[in-house]
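Let me begin by presenting the structure, written as structure tokens, before commenting on it.
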Number of protein chains: 2
Amino acid sequence: MARSSETSMNIGEAARASGVSARMIRHYEQVGLIAPPARAASGYRSYGPQDVHTLHFIRRARDLGFPLDEIGRLLALWHDRNRPSAEVKALALRHVAELDAKAAALQAMSATLRRLAGHCHGDDRPDCPILDDLAQPADQALPRHGTSAGTAAR
Amino acid sequence: MARSSETSMNIGEAARASGVSARMIRHYEQVGLIAPPARAASGYRSYGPQDVHTLHFIRRARDLGFPLDEIGRLLALWHDRNRPSAEVKALALRHVAELDAKAAALQAMSATLRRLAGHCHGDDRPDCPILDDLAQPADQALPRHGTSAGTAAR
DNA sequence: CATCCACCTTGCCACCATGGCAAGGTCAAG
DNA sequence: CTTGACCTTGCCATGGTGGCAAGGTGGATG
């Protein structure tokens with residue numbers, strides 16, 4: 001096993017320490033999100049504490065739903081001592097808007113479907129307003145209320 | 001152009017009539033969601049009104065966020081005259097739960113990020129609570145409140 | 001009839017982020 | 001030296017959609 005006091009770790013240890021899978025660490029390297037680390041004579045990747053810190057940063061950003069390209073920008077801002085915080089904030093708020101839009105789309109779908117389900121007996125009989133709605137020839141009965149849902153989704 | 005009174009159409013017309021792209025119609029056929037249609041002597045796929053109806057059904061289900069495999073089940077239930085509506089309802093409500101879970105995850109991310117952004121001056125100075133949080137060595141300051149957000153996401 | 005354009009056919013690649021598997025090299029402990 | 005845990009690279013799959021390419025069809029127009 002690894003000696004916890006060591007400052008240089010293999011990819012597996014870096015993965016455990018950062019919460020990013022070894023798989024993804026290699027991937028992030030490949031797509032240029034992180035710099036290629038030093039290599040041991042064996043060819044093993046070698047990560048230092050700073051590298052792990054960066055990976056942890058990425059992990060957190062991913063947990064907040066940032067796509068990789070935006071994480072790249074966040075990393076650049078992080079490393080830029082002269083960044084204007086306004087830039088970070090703008091990036092964050094743009095992402096918030098995206099998250100909200102996606103959430104709203106999902107909720108619109110949920111609401112529509114829940115409403116349809118509310119009209120369905122849910123017994124042994126075959127009559128089903130849910131299927132009836134899906135089978136609508138165009139756009140009648142039980143209109144998909146609220147603001148445009150499906151289109152903005154996905 | 002096509003004579004609108006024709007009952008048999010090429011894939012492009014079927015696409016326009018159903019709201020499903022020609023691209024996706026072929027895809028749905030390939031993955032077995034729909035049966036291979038008749039072919040003209042030329043090899044062109046030929047779709048009847050019933051086929052278009054089915055495609056429209058699929059389109060609606062997609063708009064409600066159903067994944068293809070669940071749409072397959074919905075189609076089977078639709079065609080089954082002896083279906084118990086309870087089955088349809090259960091499928092729908094299971095999907096509603098999934099939609100709600102995803103929406104909740106997105107909202108949790110949004111809320112966290114919005115809160116962080118709220119603490120950020122957003123001016124020319126480099127100090128930024130957003131980056132500070134992402135760079136947290138572990139799990140201190142401004143705890144990611146609420147119920148576990150990131151983990152359940154995506 | 002020749003030409004043209006819009007349409008159709010199949011097939012492969014890309015996205016995004018992640019996981020799985022395979023075949024082989026490395027290292028430390030027993 | 002063997003074993004087992006780890007590392008390496010590379011390819012394939014996911015889900016749903018789009019794009020492009022190379023070639024065949026069909027109908028309208030000159």
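Below, read A as the first sequence line, B as the second, and so on, with proteins coming before strands; counting in each chain starts at 1.
- Where A:S21 and A:Y44 each meet DNA chain C at their nearest nucleotide, the meeting point lying more 5' is that of A:S21.
- Ion pairing of B:D100 with A:R114 is present here, as a side-chain N (NZ or NE/NH1/NH2) and a carboxylate O approach within less than 4.0 Å.
- The interatomic distance linking A:R62 (CZ) with C:dC16 (P) rounds to 11 Å, in whole Å.
- The shortest distance between side-chain heavy atoms of B:P37 and B:E29 falls below 4.5 Å.
- A ring pair (Phe, Tyr, Trp, His ring centres under 6.0 Å) check over residues 18-44 of chain B, counting only residues at least two apart or in different chains, returns nothing.
- Going from atom CD1 of B:I11 over to atom C1' of C:dT9 covers 10 Å, rounded to whole Å.
- Using modelled atom types, no side-chain atom of A:R59 and backbone atom of A:V20 make a donor-acceptor pair closer than 3.5 Å.
- For the pair B:R45 and C:dC8, the criterion of a side-chain N or O lying under 4.0 Å from OP1 or OP2 is not met.
- If you check C:dT18, D:dC6, D:dT8 against the side chain of A:M24, the one that comes closest is C:dT18.
- Applying the ring pair (Phe, Tyr, Trp, His ring centres under 6.0 Å) rule to B:Y47 yields no partners; only residues at least two apart in sequence or on another chain are considered.
- With D:dC7, C:dT26, D:dT17 as the candidates, the nucleotide lying closest to the side chain of A:S42 is C:dT26.
- Going from atom CE of B:M9 over to atom C1' of C:dC8 covers 16 Å, rounded to whole Å.
- The nucleotide whose nearest atom lies closest to any side-chain atom of B:P67 is, among C:dC7, D:dG16, C:dA17, D:dG16.
- The local environment of CG in A:D124 is sparse, with at most 12 non-hydrogen atoms from other residues, nucleotides or ligands closer than 6.0 Å.
- Within residues 26-39 of chain B, the residues approached by DNA chain C to less than 4.0 Å at the level of any non-hydrogen atom are B:R26, B:R39, in residue-number order.
- The residue among B:G12 and A:D69 whose nearest nucleotide of DNA chain C lies closer to the 5′ end is B:G12.
- Separating the NZ atom of B:K102 from the P atom of D:dG15 is a distance of 11 Å, rounded to the nearest angstrom.
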